[in-house]
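Contents: one structure, followed by commentary.
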Amino acid sequence: MERLRALRKWEAHVPEMPEVETIRRMLAPLVENAVLLRARTSGKPLRTPVPDFTPLCGLRLQRLARRGKWLLWHFANGQVLMQHLGMSGAWFPLAHAPPQHRHLELVWEDAALVYCDPRRFGMLVLTDARKAEARLATLGPEPLSVDEEALIARAGASRRALHTALLDERIVAGIGNIYANEACFRARLDPRTPCRMLARAHWRRLAQAIRATICDALAAGGTTIQSFLHPDGKPGYFAQQLAVYGRAGKPCLRCGTPVQRWRLGGRSVFACPRCQQAPARTASIVRPAKEEQGESAH
Ligand SMILES: [Zn+2]
C-alpha cells in the first residue's frame, strides 16, 4: 500500500528541467567515462519506438548533458541518445527500481540502471550530434540563464496568457506547469495576463523569479542526489515546498488569501488573487521592434 502510494505520488510529478537536471547529476558520476556493457528493452514502444541499443554496447559514454527537458547521452562514436522523460519517466538504480514499467535496463561498468515509465510518454531517439543540435535549435534559453531581454524578444508582443507563454519551450526551455505557476507567484504576476500587457520591469521580475524558482528546486533536488548514489537511498523525484501549485483553497504563503485555481489552455493555473494581479494598463508596454512592424502592417 505504502509502495503504491509512493508510486502514485511519483507519477503525479511530471519532470521539468529541475527534475531532469537532478537526474542528470545523479547519473553522471555513474555513467560518464564508463563503458555500456549490456542493454535490455521491454519491447514496448514509448511515445515513439525504442531504438536498437546493440550498436551502443561496448562504447564509452563521453558525457551526459542536458538541454531543456532532454537528457543527451553522448557516446564516444559521436552518437547521441536523446531522452525525454515525458510525463512519468525516471531512472533508478537496479536494486531500487519498481518492479513494473521497466522499459530500459542499462548495465555499465560499475552501475546498473533501470528506466521506468508507467505512462510511456517518454522518448528515446538515437541520432548524431549534428542532428541532435538541429532538433534542439528551436528551444529558448535555459531557465537559469533567462533574462528580460530574451523574454521580451520572444513573448513581449504576444496576446497569449503569461502562463501559456511560459509553457512554450521556444520562449524558455524546460518549464512545465508546476514551475510556470510558481514563477508567476514569485513574480507577483497574474498568470492569465496577456504577455503584451507587461512592462519591462515586469519581465525583469519574471526572469528573476524563473531563475530563483529553478534554483530552489535544484537545491531541493540536491538532497535526492546523495540518497540516489547511496545504496539504501530512496530514488524518484524530490518533494519540495510549492507556494501555489496544487494548493487551491489553501492560504497563500505570503498573505493568507485562499489560492485560486482556474483552467487555462487545458491546464490548471494556481494563483493568489491578492498577491498576483494583472498590471495596470497604463504601464509602459515593451514590444520588440520587429513584431511592431509586423503588427502595423495589418
Ligand atoms: Zn497572497
Would you give me the side-chain donor-acceptor pairs under 3.5 Å for residues 208-215, sequence neighbours excluded?
from	atom 1	to	atom 2	distance (Å)
Arg211	NH1	Val146	O	2.7
Thr213	OG1	Arg186	NE	3.2
Thr213	OG1	Ala209	O	2.6

Side-chain donor-acceptor pairs under 3.5 Å in residues 40-48, sequence neighbours left out?
from	atom 1	to	atom 2	distance (Å)
Arg40	NH2	Glu105	OE1	3.3
Arg40	NH2	Glu105	OE2	3.0
Ser42	OG	Lys44	N	3.2
Ser42	OG	His103	ND1	2.8

Begin with the C-alpha distance, continue with both residues' side-chain angles, and end with the deciding distance and a verdict on side chain to side chain contact (heavy atoms under 4.5 Å, CB included) for Leu61 and Leu36. CA-CA 7 Å; Leu61 188 84; Leu36 177 63; over 6 Å; no
Show, in sequence, the C-alpha distance, side-chain angles and deciding distance for Leu81 and Leu124, and conclude whether the side chain to side chain contact (heavy atoms under 4.5 Å, CB included) test is met. CA-CA 7 Å; Leu81 179 68; Leu124 288 158; 4.0 Å; yes
Given the rule in the side chain to side chain contact (heavy atoms under 4.5 Å, CB included) test, do Val14 and Asn177 qualify, once you have shown the distances and angles that lead to the verdict? CA-CA 9 Å; Val14 174; Asn177 201 18; over 6 Å; no
Applying side chain to side chain contact (heavy atoms under 4.5 Å, CB included) to Leu104 and Val114, what does each step give before you reach the verdict? CA-CA 6 Å; Leu104 178 61; Val114 180; over 6 Å; no
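Remark: Asp168 engages Arg160 in a salt bridge, criterion side-chain N to carboxylate O under 4.0 Å. A salt bridge links Arg200 with Glu149: the distance from a Lys NZ or Arg NE/NH1/NH2 to an Asp or Glu carboxylate oxygen falls below 4.0 Å. Here Arg205 does not pair with Glu148 in a salt bridge; the nearest charged N to carboxylate O distance is not below 4.0 Å.
In this structure the side chain of Pro258 never reaches within 4.5 angstrom of the side chain of Lys250, judged on heavy atoms. Looking at heavy atoms from C-beta onward, Ile23 lies out of side-chain contact with Glu21 at the 4.5 angstrom threshold.
Contacts classified as side-chain hydrogen bond (donor to acceptor under 3.5 Å, both in side chains) and involving residues 127-141 (residues at least two apart or in different chains) are not found. Applying the ring-ring contact (aromatic ring centres under 6.0 Å, His included) test to residues at least two apart or on different chains, the pairs with a partner in residues 113-147 are Trp91-Tyr115. Contacts classified as ring-ring contact (aromatic ring centres under 6.0 Å, His included) and involving residues 255-278 (residues at least two apart or in different chains) are given here: Tyr245-Phe270.
Shown here are the ring pair (Phe, Tyr, Trp, His ring centres under 6.0 Å) partners of His84, two or more places apart in sequence or in another chain: Trp70.
When only modelled atom types and interatomic distance are considered, Asp190 and His163 share no side-chain donor-acceptor pair under 3.5 Å.
Proximity of a side-chain donor or acceptor of Gln83 to a complementary backbone N or O of Trp73 within less than 3.5 Å is not detected.
Here the closest heavy-atom approach between residue Arg24 and residue Ala65 is recorded as CD-C, 3.6 Å.
In this structure, CZ on Arg192 lies 11.0 Å from SG on Cys184, to the nearest 0.5 angstrom. Summarising the geometry, atom CE belonging to Met197 is positioned 12.0 Å from atom CG belonging to Leu162; distances are rounded to the nearest 0.5 Å.
Geometrically, Arg63 does not engage Phe75 in a cation-pi contact, judged by NZ or CZ lying under 6.0 Å from the ring centre and within 45° of the ring axis.
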